[in-house]
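Beneath this line is the structure, given in structure tokens, with notes to follow.
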Amino acid sequence: MKKYECTVCGYIYDPAIGDPDHGIKPGTAFENIPNDWVCPDCGVGKSDFKVLN
């Protein structure tokens, strides 16, 4: 699974870790995160994330 980076603050979403503090379990692909999820560091939406190569 690919990692995604917030283009606003640089937060890295790693699917191996998820975002357990906000209800996203480890192993959850970015595509499977609910659309109303926001960056835990700066609060922007999923549309402000890009795939890391």
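One-based numbering along the sequence shown. These numbers come from a predicted model, not from an experiment.
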[X] and [Y]: which non-hydrogen atoms are nearest, and at how many Å?
X	Y	answer
Met1	Gly27	CE-O, 3.3 Å
Tyr13	Ala29	CE2-C, 4.5 Å
Gly10	Glu5	CA-OE2, 3.7 Å
Cys6	Cys42	SG-SG, 3.7 Å
Glu31	Lys46	O-NZ, 3.9 Å

Using ring-ring contact (aromatic ring centres under 6.0 Å, His included) as the criterion, list what pairs up with Tyr4, not counting sequence neighbours.
->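 For Tyr4, the residues satisfying ring-ring contact (aromatic ring centres under 6.0 Å, His included) (neighbours in sequence not counted) are Phe30.
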Please list, chain by chain and in numerical order, all residues satisfying side-chain contact (heavy atoms from CB on, under 4.5 Å) with [X], sequence neighbours excluded.
X	value
Pro40	Tyr11, Asp19, His22, Trp37
Lys25	Thr28
Pro34	Ile24, Asp36
Val38	none

Tracing side-chain links under 4.5 Å among I, L, V, M, F, W and Y, which residues wind up in one group with Ile12?
->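 Other cluster members: Leu52.
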Please identify each residue that fulfils salt bridge (charged side-chain N to carboxylate O under 4.0 Å, His left out) with Asp14, with sequence neighbours left out.
->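 Listed in chain order: Lys3.
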